[in-house]
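Okay, so here's the structure we're looking at.
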Amino acid sequence: MPVRGAAQLSRRLGQKKRLLEAEEPGSDLHGAPTPSPTEPRLGRPASLGPQRSLYFSSSKSCSARLGSEFFDQPAVALAQAFLGQVLVRRLDDGTELRGRIVETEAYVGPEDEAAHSRGGRQTPRNRGMFMKPGTLYVYVIYGMYFCMNVSSRGDGACVLLRALEPLGGLETMRQLRSALRKGTAGRALKDRELCSGPSKLCQALAIDKSFDQRDLAADTAVWMERSALGASEPAVVAAARVGIGQAGEWAQKPLRFYVRGSPWVSVVDRAAEQSTQSGPLASVCSHEAF
DNA sequence: CGGACGATTTTCT
DNA sequence: GAAAATCGTCCGA
């Protein structure tokens, strides 16, 4: 097997560059002058004011942006509460990409042997896990993909977003997902292939390392909107988490949650579905915030 | 400073 | 189903 040529690499990078230029002309995200890797991004107060007032005056409460108080709950509760909510990504050209969260995983903190924060390890990479609830923790996996987490209540605790039901901007998602794929630009991806995995959804929403440590409650390019599960989908499955090995008690714990029967979930666990009790999640359906 | 390893996805057999 | 792709991060020397 010949070593991957520089020509091929640059061609692929060129593809991505072209796409990003098309999607986000005059991007200030990708064109920012060499930010420090650990530089915190805490939103843009200058543009937040006008946008927020416009937002509140033109939107109904059912699509209200979720604030800091929502994210301030323990990881398991937050992982369940995320199901049904809508993740929104606004590209620099104004395009809004939307997806309904259908699968999450809870990483409960230093005692969780499968968490990056296990044993209380705190490094520059996982700092977001220790920041205030609602802070994003985005990290690189396998040298080429990203995973997106939201910090929850509890030091070193967070929730991994694993799958979305794409709701808006599907064609842009398809382009973003296809851009880095190998070979002949291939066939068009099916809708189900857009966001059915933690790194797929990051690709589809153009979430990269520059989103690490941003505040999901305040950022202008990414946020979450309230949209609880409907009565027709009352059941949530609790299953073992994916990709963390089989060994140890923490690998077995049912800390992955997904909407039963949803075709948008990345991995279904039939055995877990047998043993998971059906029933509405009261916390998801409640309206205590309003 | 070097080696091993991923909270994955894609491609090939 | 198996194996490759691909490199930031972490840890031990």
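So that the names make sense, note that chain A is the first sequence line, chain B the second, and so on, each numbered from 1. Treat the numbers as computed from the prediction; the structure is a model and nothing was measured.
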Protein-nucleotide distance ([X], atom [atom1]; [N], atom [atom2]), rounded to Å:
X: A:Arg192; N: B:dT10; atom1: CZ; atom2: P; value: 16 Å
X: A:Glu105; N: B:dT8; atom1: CD; atom2: C1'; value: 12 Å
X: A:Tyr137; N: C:dT9; atom1: OH; atom2: P; value: 9 Å
X: A:Gln246; N: B:dG6; atom1: CD; atom2: P; value: 13 Å
X: A:His116; N: B:dA7; atom1: NE2; atom2: C1'; value: 5 Å
X: A:Ile207; N: B:dT8; atom1: CD1; atom2: C1'; value: 17 Å
X: A:Leu189; N: B:dT9; atom1: CG; atom2: P; value: 13 Å
X: A:Asn126; N: C:dC10; atom1: CG; atom2: P; value: 7 Å

Could you work out which one of [options] sits closest to the side chain of [X]?
X: A:Val140; options: C:dG8, B:dT9, C:dC10; value: C:dG8
X: A:Arg162; options: B:dT8, C:dT6, B:dT10; value: B:dT8
X: A:Arg121; options: C:dC11, B:dA7, C:dT6; value: C:dC11
X: A:Lys200; options: B:dT10, B:dA7, C:dA5; value: B:dT10
X: A:Ser199; options: B:dT8, B:dT10, C:dT9; value: B:dT8

Query - Heavy-atom check, side chain of A:Ser152 versus side chain of A:Tyr107, under 4.5 Å - result: no
Query raised in the report: What would the secondary structure line of DNA chain C be in dot-bracket form, counting Watson-Crick and G-U wobble pairs under 3.5 Å, with [ ] for pairs that cross earlier ones and | for pairs with another strand?
Result: |||||.||||||.
Report task. Would you please determine if the base of B:dT8 is stacked by A:Tyr142, with stacking meaning a centroid separation under 5.5 angstrom and planes under 30 degrees? Result -> yes
Please tell me whether [X] and [Y] are part of a single hydrophobic cluster in this structure, the criterion being side-chain heavy atoms less than 4.5 Å apart.
X: A:Leu78; Y: A:Tyr137; value: no
X: A:Tyr139; Y: A:Phe130; value: yes
X: A:Met129; Y: A:Val150; value: no

Query raised in the report: Is it true that A:Glu103 and A:Arg256 have a side-chain N and a carboxylate O under 4.0 angstrom from each other?
Result: yes
**Report entry** Ionic contact status for A:Asp112 with A:Lys253, cut-off 4.0 Å
**Finding:** no
Query raised in the report: Does a side-chain N or O from A:Lys209 land closer than 4.0 Å to OP1 or OP2 of C:dT9, or not?
Result: yes
Query raised in the report: Does a nitrogen or oxygen in the side chain of A:Arg177 sit under 4.0 Å from OP1 or OP2 of B:dT10?
Result: yes
Does [X] reach a base, just sugar-phosphate, or nothing at all? Heavy atoms under 4.0 Å.
X: A:Arg125; result: sugar-phosphate
X: A:Leu160; result: base
X: A:Met148; result: nothing

Query raised in the report: A:Glu105 pairs by side chain to side chain contact (heavy atoms under 4.5 Å, CB included) with which of A:Leu161, A:Val242, A:Val159?
Result: A:Val242
Query raised in the report: Roughly how far, to the nearest 0.5 Å, is the CG atom of A:Leu194 from the CG atom of A:Leu189?
Result: 6.0 Å
